[in-house]
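Notes for the one structure printed next.
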Amino acid sequence: MLLNLSDVLRPSGKVINEEIEINLESFNGSFGEYKVLNADKLVLSCENLDEGRAKVSGHTTMSFEASCDRCLKEMEITVQIDFERTCSAPDYVSDDEEDESHDFMEGYQLDTDALLYNEITVNWPVKIVCRDDCKGLCLVCGHNLNEGDCGCDTFVPDPRMAALKDIFETTKEV
(Lines give C-alpha, C1' and ligand atoms only; values in the text may rest on other atoms or scores of the structure.)
Protein backbone atom coordinates (compact mmCIF):
# COMPACT_ATOMS: atom_id res chain seq x y z
CA MET A 1 0.00 0.00 0.00
CA LEU A 2 1.21 3.48 -0.80
CA LEU A 3 0.75 6.24 1.78
CA ASN A 4 0.95 9.84 0.58
CA LEU A 5 3.48 11.82 2.66
CA SER A 6 3.53 15.03 0.63
CA ASP A 7 1.84 17.02 3.45
CA VAL A 8 4.21 15.62 6.07
CA LEU A 9 7.31 16.41 4.00
CA ARG A 10 6.36 20.10 3.85
CA PRO A 11 7.47 22.48 6.63
CA SER A 12 3.95 22.55 8.08
CA GLY A 13 4.81 20.13 10.88
CA LYS A 14 1.90 17.86 10.08
CA VAL A 15 1.62 14.41 11.67
CA ILE A 16 -0.14 11.39 10.16
CA ASN A 17 -1.24 8.46 12.30
CA GLU A 18 -2.54 5.40 10.47
CA GLU A 19 -3.52 1.84 11.24
CA ILE A 20 -2.85 -0.26 8.15
CA GLU A 21 -4.18 -3.74 7.53
CA ILE A 22 -1.37 -6.18 6.67
CA ASN A 23 -2.20 -8.27 3.61
CA LEU A 24 1.04 -10.23 3.49
CA GLU A 25 0.32 -13.97 3.03
CA SER A 26 3.90 -15.23 3.26
CA PHE A 27 7.43 -14.04 3.85
CA ASN A 28 10.29 -15.22 1.65
CA GLY A 29 13.28 -15.26 3.98
CA SER A 30 16.81 -16.35 3.28
CA PHE A 31 16.02 -19.93 4.34
CA GLY A 32 12.66 -20.39 2.66
CA GLU A 33 9.08 -19.26 2.55
CA TYR A 34 7.14 -18.75 5.77
CA LYS A 35 3.35 -18.56 5.86
CA VAL A 36 1.83 -15.68 7.84
CA LEU A 37 -0.55 -17.08 10.45
CA ASN A 38 -1.58 -13.87 12.18
CA ALA A 39 -0.76 -10.19 11.81
CA ASP A 40 -1.87 -7.24 13.90
CA LYS A 41 -2.49 -3.96 12.13
CA LEU A 42 0.59 -1.89 11.40
CA VAL A 43 0.35 1.22 13.60
CA LEU A 44 2.25 3.91 11.73
CA SER A 45 3.13 7.48 12.68
CA CYS A 46 4.74 9.97 10.30
CA GLU A 47 5.86 13.40 11.51
CA ASN A 48 7.75 16.25 9.93
CA LEU A 49 11.38 16.81 11.00
CA ASP A 50 12.16 19.69 8.66
CA GLU A 51 11.39 20.56 5.07
CA GLY A 52 11.76 17.45 2.95
CA ARG A 53 12.36 15.00 5.83
CA ALA A 54 10.03 13.03 8.06
CA LYS A 55 10.29 10.47 10.82
CA VAL A 56 8.34 7.26 10.22
CA SER A 57 7.79 5.02 13.23
CA GLY A 58 5.57 2.05 13.76
CA HIS A 59 4.96 -1.29 15.36
CA THR A 60 3.14 -4.56 14.80
CA THR A 61 3.28 -8.20 15.78
CA MET A 62 3.23 -11.04 13.28
CA SER A 63 3.11 -14.84 13.64
CA PHE A 64 4.62 -17.19 11.08
CA GLU A 65 4.60 -20.93 10.46
CA ALA A 66 8.15 -22.26 10.61
CA SER A 67 10.09 -25.38 11.44
CA CYS A 68 12.64 -25.83 14.21
CA ASP A 69 16.21 -25.57 12.90
CA ARG A 70 17.28 -28.54 15.05
CA CYS A 71 14.44 -31.09 14.96
CA LEU A 72 12.34 -29.81 12.00
CA LYS A 73 9.15 -29.77 14.10
CA GLU A 74 6.50 -27.42 12.70
CA MET A 75 5.85 -24.50 15.03
CA GLU A 76 4.62 -20.93 15.26
CA ILE A 77 7.04 -18.06 15.79
CA THR A 78 6.10 -14.52 16.71
CA VAL A 79 8.08 -11.55 15.43
CA GLN A 80 7.72 -8.23 17.24
CA ILE A 81 8.39 -5.33 14.86
CA ASP A 82 9.20 -1.85 16.20
CA PHE A 83 10.95 0.66 13.98
CA GLU A 84 11.83 4.28 13.49
CA ARG A 85 13.14 5.46 10.13
CA THR A 86 13.83 8.78 8.49
CA CYS A 87 12.52 9.33 4.99
CA SER A 88 13.02 12.21 2.63
CA ALA A 89 11.36 13.76 -0.38
CA PRO A 90 12.82 12.92 -3.80
CA ASP A 91 14.11 16.49 -4.23
CA TYR A 92 15.64 16.71 -0.74
CA VAL A 93 19.42 17.33 -0.80
CA SER A 94 21.21 15.64 2.08
CA ASP A 95 24.80 15.41 3.29
CA ASP A 96 23.95 12.01 4.77
CA GLU A 97 25.12 9.34 2.32
CA GLU A 98 23.33 6.62 4.27
CA ASP A 99 19.82 7.76 3.39
CA GLU A 100 17.81 4.56 3.53
CA SER A 101 14.48 5.99 2.39
CA HIS A 102 15.09 5.03 -1.25
CA ASP A 103 14.21 1.45 -0.23
CA PHE A 104 10.63 2.30 0.70
CA MET A 105 9.83 5.67 -0.88
CA GLU A 106 8.36 6.13 -4.35
CA GLY A 107 8.40 9.86 -4.90
CA TYR A 108 6.26 11.33 -2.11
CA GLN A 109 4.60 7.96 -1.47
CA LEU A 110 5.64 5.63 1.36
CA ASP A 111 5.52 1.99 0.24
CA THR A 112 4.33 0.37 3.48
CA ASP A 113 4.68 -3.16 2.07
CA ALA A 114 8.38 -2.65 1.23
CA LEU A 115 8.99 -1.00 4.61
CA LEU A 116 7.28 -3.86 6.45
CA TYR A 117 9.17 -6.48 4.43
CA ASN A 118 12.51 -4.82 5.31
CA GLU A 119 11.57 -4.68 8.99
CA ILE A 120 10.57 -8.36 9.05
CA THR A 121 13.97 -9.21 7.54
CA VAL A 122 15.80 -7.15 10.18
CA ASN A 123 13.78 -8.62 13.08
CA TRP A 124 13.82 -12.23 11.88
CA PRO A 125 15.37 -14.60 14.45
CA VAL A 126 18.83 -15.96 13.62
CA LYS A 127 17.96 -19.43 14.91
CA ILE A 128 14.45 -20.87 15.16
CA VAL A 129 14.18 -23.52 17.87
CA CYS A 130 11.10 -25.15 19.35
CA ARG A 131 12.63 -24.92 22.83
CA ASP A 132 16.00 -23.90 24.27
CA ASP A 133 17.05 -27.47 25.08
CA CYS A 134 15.99 -29.02 21.75
CA LYS A 135 18.19 -32.08 21.08
CA GLY A 136 17.64 -32.14 17.32
CA LEU A 137 17.81 -35.20 15.07
CA CYS A 138 19.98 -38.32 15.27
CA LEU A 139 22.86 -38.00 12.81
CA VAL A 140 22.57 -41.69 11.90
CA CYS A 141 18.85 -42.45 11.51
CA GLY A 142 17.17 -39.02 11.67
CA HIS A 143 15.02 -39.82 14.73
CA ASN A 144 13.80 -36.81 16.73
CA LEU A 145 15.88 -37.06 19.93
CA ASN A 146 13.32 -34.98 21.88
CA GLU A 147 10.99 -38.01 21.68
CA GLY A 148 13.58 -40.37 23.18
CA ASP A 149 16.86 -42.10 22.43
CA CYS A 150 17.02 -44.11 19.18
CA GLY A 151 19.82 -46.48 20.21
CA CYS A 152 22.14 -45.67 17.30
CA ASP A 153 25.91 -45.75 17.77
CA THR A 154 26.84 -42.08 17.59
CA PHE A 155 30.54 -42.51 18.42
CA VAL A 156 32.61 -40.41 16.05
CA PRO A 157 36.35 -41.18 16.22
CA ASP A 158 38.81 -38.35 16.29
CA PRO A 159 40.13 -37.98 12.69
CA ARG A 160 43.51 -36.85 14.02
CA MET A 161 44.01 -40.36 15.44
CA ALA A 162 43.24 -42.14 12.16
CA ALA A 163 46.97 -42.65 11.39
CA LEU A 164 47.54 -44.33 14.76
CA LYS A 165 44.49 -46.52 14.26
CA ASP A 166 45.88 -47.67 10.89
CA ILE A 167 49.26 -48.52 12.47
CA PHE A 168 47.62 -50.64 15.19
CA GLU A 169 45.42 -52.45 12.68
CA THR A 170 48.30 -53.34 10.32
CA THR A 171 50.71 -54.48 13.04
CA LYS A 172 48.41 -56.72 15.07
CA GLU A 173 50.16 -59.58 16.80
CA VAL A 174 48.37 -62.67 17.94
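For the numbers below, each heavy atom of this structure counts, side chains included, while hydrogens, waters and symmetry mates do not.
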| query | Can you list the steps and then say if N17 with S45 is a side-chain hydrogen bond (donor to acceptor under 3.5 Å, both in side chains)? | reply | CA-CA 4 Å; N17 293 311; S45 176; 3.0 Å; yes
| Evaluation steps, side-chain contact (heavy atoms from CB on, under 4.5 Å), between T61 and T78 | CA-CA 7 Å; T61 302; T78 302; 3.4 Å; yes
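- One N or O on the side chain of D69 and one on the backbone of I128 form a donor-acceptor pair closer than 3.5 Å.
- Using cut-offs of 30° and 60° for the angle between ring planes, the W124 and Y34 rings count as tilted.
- Looking at N146, its side chain does come within 3.5 Å of a backbone N or O of K135 through a donor-acceptor pair.
- Contact detail for L44 and T112: the closest heavy-atom pair is CD2-CG2, 3.9 Å.
- Linking ILVMFWY residues whenever their side-chain heavy atoms come closer than 4.5 Å, directly or via other members, leaves V43 and L116 in distinct clusters.
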| query | Could you go step by step and tell me if L2 and E106 meet the side-chain contact (heavy atoms from CB on, under 4.5 Å) rule? | reply | CA-CA 8 Å; L2 294 176; E106 294 179 15; 3.9 Å; yes
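- At least one donor-acceptor pair closer than 3.5 Å links the side chain of T60 to the backbone N or O of D40.
- Within 6.0 Å of the CD atom in Q80, the count of heavy atoms belonging to other residues, nucleotides or ligands exceeds 12.
- Atom CG of L164 has more than 12 neighbouring heavy atoms from other residues, nucleotides or ligands inside a 6.0 Å radius.
- The shortest distance between side-chain heavy atoms of R85 and F104 falls below 4.5 Å.
- When E74, M75, R70 are each tested for a side chain to side chain contact (heavy atoms under 4.5 Å, CB included) with C130, only one passes: M75.
- With salt bridges taken as basic N to acidic carboxylate O contacts below 4.0 Å, none links E47 and K14.
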